[in-house]
K.L.:
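Below is one structure. I have some questions about it.
Numbering starts at 1 and runs along the sequence shown.
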Amino acid sequence: MSGTNAASGAAPCRFAHYFVICGIDTETGLEPDELAALYQWLEADRQGRDPDTAAAGENFEQSPLKRTFKSKVLAHYPENVEWNPFDQDAVNMLCMPKGLSFRTQADNREPQFHSFLITREDGSRTYGFVHTFYEEVTSPQICSAMQTLYQMHQAENPSSATPSSSSSSSMDSLASSLDEADSPSSSSCRSAACGGYDASRDTLYVSKALCLITPMPFMHGCRRFLSQMHWAVTAASPPPLPLESYVHNILYEVPLPPPGRSLKFHGVYEPIVCQRPGPGELPLADFPLGQTFTLLGVENLVQLFNCTLLEMQILLYSQDYQRLMTVAEGITTLLFPFQWQHVYVPILPASLLHFLDAPVPYLMGLQSKEGTDRSKLELPQEANLCFVDIDNHCIELPEDFPQFPNKPEFIQELSEVLLHYGISPVGGAPPTSVSTSTTTTPGSVSTRHPGLKSQQALRELEDDGRNGNLGGEQLAVLELLQGNATLERLQALAKRTGVRVEALRGVGGEREGQGQGGRTAVEEEELRNAKLNVQLREVFASRFTTMFADYEAFVIQSAPDLESWLTNREQMHNFDKASFLSDQPEPYLPFLSHFIETQMFATFIDNKIMSQWEEKEPLLRVFDGRIDKARLYNVRAPSLRSSNYQRCTILKESAQAIEQRLMKIDHTAIHPHLLDMKIGQGKYEQGFFPKLQSDVLSVGPTNNNRWSNRTATAQRRKDRHRQQTEHLTLDNDLKEKYMQEARSLGKNLRQPKLSDLSPAVIAQTNWKFVEGLLKECRMKTKRMLVEKMGREAVELGHGEANITGLEENTLIASLCDLLERIWSHGLQVKQGKSALWSHLLHYQAREEKLEQQQAESPVSNGPERRKSESSIGMPSLRASVIQDMRHIQSMGEIKTDVGRARAWIRLSLEKKLLSQHLKQLLSRQALTKKLYKRYAFLRCEEEKEQFLFHLLSLNTVDYFCFTSVFTTIMIPYRAVIIPIKKLSNAMTTSNPWVCVSGELGDSGVRQITKNVLEMTFDSAFRPHTHIDAMFKCQNLGKLTTVQLGHDNSGLLAKWLVDCVMVRNEITGHTYKFPCGRWLGKGVDDGSLERVLIGELALPNADEDFGRGCRTPDMQHSPGQTRRVSITSMGGRGYKPTSAQIQEAIGEAVNSICKHFHKPEKERGSLTILLCGEVGLVGALEQFFHNGFKSARLFQKTVFVWDFVEKALAYMESADQMGDMQETAEPLGLTCVSLCHYVSAINSSPRNIGKDGKFQLLVCLGARDRLLIQWLPLLLECPVIQQMYEESALLRDRTTVNALIAVLQTLHDFPITLEASLVKGIDL
């Protein structure tokens, strides 16, 4: 709060800092509102017109009663307060956000109340409370000026008997004048008869505002004080004391209530009670939350709360300023223990509408004009906007954001609290219980019927002598005292010292004849509001206490002292996000992974780290205290980590604490009293607020009360302590500078500067936004790279990094949001909700027009680029901005522009073309100039280049952010089968087929038309032929296997295939499935079908720099030399040593173990680890091939499968002869299982060949944990001696036992096999 850094004395402990009066300056007369002129200038600039001509001259189309005129601060007391300097422009603008408003006697002149706040550079806040009423204009000059203006208006618009409405432009409707917004009845009472202004016939009234500026938001107390002040000037008889007495009292003699205490002070007619929460309670929040819930309903409010936590752009929209303030303060209050860190302007003055252009998270309130249609409201950016239409009780949410954890149970608990207080949780009902109109105060009674009711009310007050007001006789005594300052001071002294003057007993008399517990109806209402407020807030706070109960364990305390932490703040990892998320219940993860990336969470963690060296931030202190308490009760309860909903347990005691404070008043402030002032000035005149005597209000009393002495001593003690700590720690200015830098990371402006609104200042503000966006882009891309590179990043010194699929999705969603904000900045032409997609559509329209023009000419189109072929035989894929747009446009699943823009970003990122595409998009400078204003980010050349360079860095890592998200779309695939040319016919007479499988499913068997031969030429112009097939199926995800086969028909049935290439035609990802084997009967192992294992093919080196870079393959470490599977080594004469074979098996098993230790969402393909080139099957093949007598007897090759079959035949015959009956029982069962599996594989309808059968046996054995039982059987079988040399690994018992021990580790994991591997096997 603003009061914390006081300079001296008791000053910060004062309840109010300033009393302000705003209204019309009769000396300067009627001046058009210069802010309205500035607004016209901005609008003209926005629409591309010449701003200077637009802002010149007055707007005669509008009736003068509807125009805005300049208001002024007529007086403020005191002149200045050193710890809270008076900002005249800001206060004037916020007291009267739309300038002066004129009315006639025919109009509604009901007083209005609203609040505002000013956020200073350091984030501290000052609150303002404003009571606006209408006062008769007595100045003949102003009446005649209004008459002249009205005549000019009629001359310009002879047809308009009634005042014309303001312009139909949507942005003009935002800046409409106050009168129409104030009351629903205003339009009906302005008939043709009373619509104009005639000085001879009509009485003219003008708005005037009374305002209190306070360091803390005591809304109810300030509201009651101001309404009593207004009542004092409208009542038939003058108030008991001059008004100066009451203003002086609240400015200088009423202290802030101490924490945990209540305070009573006196207004003009009634006492006012306020209370302040204690150190362990939730901080002060006096705005009625019940009203916020009533206006929006629980469901909408929880959604709005969620959007606020995720730091989206939030725009509140209402005709009523106080509603804007109530909802804004209500929603930020509920964030405890977090605090909103971005632009916060609950009431956005009309002149600041350009601030809606801010490309940062914001929470702003905008006044709507009665009858304005939401659809006409053109907002610069809507992709990430939560639009809250308060008056119509509805909200429009951004697309695609995670829901708050346990939302249904949370809503249920909140509904129960509301129902307990008689409030409907549905919302939309007019707030009956928690009223915001001024009818609850006596003031409004008198303003509607100023005569009779005010006299009656005053008589009642005088009669019962309550609230320190005086009865009949005492009034006479008072009149005597008023004539004698000395007597008055004596009486005040007697009162302070406790001496009771019998004749004046009524001054402090007891209140009589009141509601329950001696409270008035208004006090009952306030108590009810306070109890409801605290209970609703406790329910929200309890959610965070549950979710972040263990947060402290994940805070990284890495700096030795505050100075080194502040200097290295940007490079440091302060919170172990990955470990924290891994510790949370699964349903919480989508929300938490987004939330821990926000600025409010980062600031919360910063405050926690800084609490090692300095005093704990108050919210953090309360929150930590609650967590400690929860731990005490739960003794590290497992419930803290469960996703079961835990209800708030302290609702009752929190309400009781408030009730006790309000029942038993702890402190009573000094009563208002006569001041030593000139008599006869400021004479009472009913209905007019008098000019106050400034000399008595400019300074406070000279230490004549206890609390100022006490607080002054405390302040001196604080000052001494501060001086000591300054010697010990670093220089305070330097520390403040570091603090501001550390805290402004990722933030830009907390609030626009309200005082100076020249175009130069606006330009400077926009420049800050441009710098902020560039910095945010740098940080986001760096974070994405570090997280994605994982272990490599750790070696490069970027701290521990461990990305999950969830976290990656969060970071990419955050990048999409940043791009939308960049494209929204300075936008002047937009269609739809997404600024980026709108730009792309304009670009597409232009390019397609150019394409049509160039269709006749043979010149190639410049911007379209052909990707070089990633492999012989694969035709090149056309990569362009337009092509990728068309892919997105053809996706029926995406219904909105925001969704299309995000899909296009994801696709470009996956293709490593994001930076290049955006560069291409922005190269059309004429289009950019047409769509964007001069100050827009996209028109700042140097920043734009840096931005594209940061995005280019993302090409160094692989993303599958499009493939993994849009899992149900139809994707065209191209499969190319490439034969080995030298040894075989390029064509085959049989009918080939292919079945492609991926992580999300398979394509089904696709027959390929016979001899679809294509001829291509390589770089040496040698011709190559291949078979090319296109098919479309649902997204398969990352591809894993291809089943390739043919039906063995025709004369040229044998076919030697080099590899199969398959490409996703949308993302351009190409997978290579090596084969290098024959397909055909009587050749190789007689296979007509092979299961090929693939991996992503690297783009060629001649592709542009950056696209070729990628993270090393996840399946094997970068440094490992690639081994070649034994079956493809034919006559190469290469035989691995036994040591190499054993190492290969160890590596393969190790990779499978690592696979299962990763979180499920991060695991790659298990098939590659089993059957890939360095997989388990290949390594066991090498083991079985070692020492194998595969000599060619009569030109027939012998395979490992032949050995398995022979061994089995021997076991079966031995079993029949009874040789195996003596063997141990388990061994017999093992023999049965091996026979069962081998016969199932042999009887399969598939023609997979002998090597394929062996591969299948190994996979099934690994899955069903039988491999280690089968190995001893084969070792013991005599067939082994015929088929293996003595030195073979399989004949060495020690080696086999070692192998069994290694394979045993796989039993801990549930191995599942892809459908393509086990198809047709019936066990």
K.L.:
Test side-chain contact (heavy atoms from CB on, under 4.5 Å) on Val1062 and Arg974; report intermediate values, then the result.
P.N.:
CA-CA 6 Å; Val1062 180; Arg974 179 187 293 270; over 6 Å; no
K.L.:
What I'd like to find out is whether the side chain of Met891 reaches to under 4.5 Å of the side chain of Ile894, using heavy atoms alone.
P.N.:
yes
K.L.:
Measure the shortest side-chain to side-chain distance between Arg1291 and Val1296 over non-hydrogen atoms and say whether it is less than 4.5 angstrom.
P.N.:
no
K.L.:
Regarding His1046 and Asn991, is there a side-chain donor-to-acceptor distance under 3.5 Å anywhere?
P.N.:
no
K.L.:
Would you compute the distance between atom CD of Gln1304 and atom CG of Leu1267 and round it to the nearest 0.5 angstrom?
P.N.:
11.5 Å
K.L.:
Would you check if Thr963 and Ile971 make a side-chain contact, meaning some heavy-atom pair closer than 4.5 Å?
P.N.:
no
K.L.:
Determine the minimum heavy-atom distance between Val957 and Lys912, stating which atoms define it.
P.N.:
O-CE, 3.4 Å
K.L.:
Has Gln883 got a side-chain atom pairing as donor or acceptor with Ser880's backbone, closer than 3.5 angstrom?
P.N.:
no
K.L.:
Keeping Asp884 on the side-chain end and Val881 on the backbone end, is there a donor-acceptor pair under 3.5 Å?
P.N.:
no
K.L.:
Of the non-hydrogen atoms in Cys1059 and Lys1072, which two are nearest, and what is the gap between them?
P.N.:
SG-CE, 3.9 Å
K.L.:
With under 30° as parallel and over 60° as perpendicular, where do the rings of Phe1309 and Phe1156 fit, or are they tilted in between?
P.N.:
parallel
K.L.:
Hey, could you give me the CD/OG distance between Gln916 and Ser908, rounded to the nearest 0.5 Å?
P.N.:
10.0 Å
K.L.:
Counting distance only, does the side-chain N/O of Asn1186 pair as donor-acceptor with the main-chain N or O of Leu1289 below 3.5 Å?
P.N.:
yes
K.L.:
Is it true that Glu1205 and Asn1242 share a donor-acceptor pair across their side chains at a distance under 3.5 Å?
P.N.:
yes
K.L.:
Establish, yes or no, whether the cationic atom of Lys1032 lies under 6.0 Å from the six-membered ring centre of Tyr973 and within 45° of the ring axis.
P.N.:
no
K.L.:
Between Ser1003 and Val996, is there a donor-acceptor pair closer than 3.5 Å when you use the side chain of the first and the backbone of the second?
P.N.:
yes
K.L.:
Could you state the interatomic distance from CG (Asp1047) to CD (Glu1089), rounded to the nearest 0.5 Å?
P.N.:
12.5 Å
K.L.:
So among Leu1039, Val1091, Leu1044, Val1057, which one has a side chain to side chain contact (heavy atoms under 4.5 Å, CB included) with Phe1073?
P.N.:
Leu1039
K.L.:
Are the side chains of Arg1077 and Asp1251 in touch, meaning some heavy atoms are under 4.5 Å apart?
P.N.:
yes
K.L.:
Can you tell me how far apart CZ (Arg1265) and CD1 (Ile1311) are? Round to the nearest 0.5 Å.
P.N.:
8.0 Å
K.L.:
Report the C-alpha separation of Ile1093 and Glu1173 in whole Å, then their side-chain angles, then the decisive distance to 0.1 Å, and conclude whether the side-chain contact (heavy atoms from CB on, under 4.5 Å) test is met.
P.N.:
CA-CA 8 Å; Ile1093 313 300; Glu1173 284 193 71; over 6 Å; no
K.L.:
Is the closest side-chain heavy-atom distance between Ile1008 and Val994 below 4.5 Å?
P.N.:
yes
K.L.:
Closest heavy-atom contact between Phe962 and Ala903?
P.N.:
CD1-O, 3.7 Å
K.L.:
Does atom NZ (Lys1319) have a neighbourhood of more than 12 heavy atoms from anything else shown, all under 6.0 Å?
P.N.:
yes
K.L.:
Would you indicate whether the side-chain heavy atoms of Asp1002 and Thr1041 approach each other to under 4.5 Å?
P.N.:
no
K.L.:
Please step through side-chain contact (heavy atoms from CB on, under 4.5 Å) for the pair Leu1266 and Gln1269, ending with a clear verdict.
P.N.:
CA-CA 5 Å; Leu1266 294 169; Gln1269 297 175 22; 3.7 Å; yes
K.L.:
Indicate yes or no for a side-chain donor-acceptor contact from Ser1087 to the backbone of Ile1248 under 3.5 Å, with no hydrogens or angles considered.
P.N.:
yes
K.L.:
Backbone N or O of Phe1184 within a donor-acceptor pair of the Tyr1284 side chain at under 3.5 Å?
P.N.:
yes
K.L.:
In terms of side-chain heavy atoms, does Thr1040 have a donor or acceptor partner in Glu1314 at a distance below 3.5 Å?
P.N.:
yes
K.L.:
Looking only at heavy atoms, what is the nearest atom pair of Cys1033 and Arg1006, with distance?
P.N.:
CB-NH2, 3.5 Å
K.L.:
With ring centroids as reference points, do Trp904 and His887 lie under 6.0 angstrom apart?
P.N.:
no
K.L.:
Give the C-alpha distance, both sets of side-chain angles, the deciding distance and a yes or no for side chain to side chain donor-acceptor pair (under 3.5 Å) between Gln1142 and Thr1295.
P.N.:
CA-CA 9 Å; Gln1142 285 168 296; Thr1295 310; 4.6 Å; no
K.L.:
Hey, does Val1174 have a side-chain heavy atom less than 4.5 Å from the side chain of Glu1147?
P.N.:
no
K.L.:
Taking the six-membered ring for Trp and the full ring for Phe, Tyr or His, determine whether the centres of Phe960 and His1069 are under 6.0 Å apart.
P.N.:
yes
K.L.:
Are Trp993 and Gln1043 close enough, and set up right, to give a side-chain contact (heavy atoms from CB on, under 4.5 Å), and what steps lead you there?
P.N.:
CA-CA 8 Å; Trp993 58 267; Gln1043 289 161 260; 3.8 Å; yes
K.L.:
What's the verdict on side chain to side chain donor-acceptor pair (under 3.5 Å) for Trp1270 and Ser1233, showing C-alpha distance, side-chain angles and the deciding distance?
P.N.:
CA-CA 9 Å; Trp1270 293 343; Ser1233 73; 3.1 Å; yes
K.L.:
Output yes when a side-chain donor or acceptor of Asn1035 lies under 3.5 Å from a complementary backbone atom of Phe966, and no otherwise.
P.N.:
yes
K.L.:
What are the two closest non-hydrogen atoms of Cys961 and Leu909, and how far apart are they?
P.N.:
SG-CD2, 3.9 Å
K.L.:
If you define the side chain from C-beta out and look only at heavy atoms, does anything of Thr1305 sit under 4.5 Å from Cys1153?
P.N.:
yes
K.L.:
State whether Lys1038 and Glu999 are salt-bridged, where the test is any N-O pair (Lys NZ or Arg NE/NH1/NH2 against Asp/Glu carboxylate O) under 4.0 Å.
P.N.:
no
K.L.:
Side chains of Asp1264 and Tyr1237 only: does a donor on one sit below 3.5 Å from an acceptor on the other?
P.N.:
yes
K.L.:
Looking at CD1 of Ile969 and CD1 of Ile1066, how far apart are the two atoms once the value is rounded to the nearest 0.5 Å?
P.N.:
5.0 Å
K.L.:
Say you draw a straight line from CG of Asn1064 to OG1 of Thr1070; how long is it, rounded to the nearest 0.5 Å?
P.N.:
8.5 Å
K.L.:
Give the minimum heavy-atom separation between Leu1079 and Gly1045, together with the two atoms involved.
P.N.:
CD2-CA, 3.7 Å
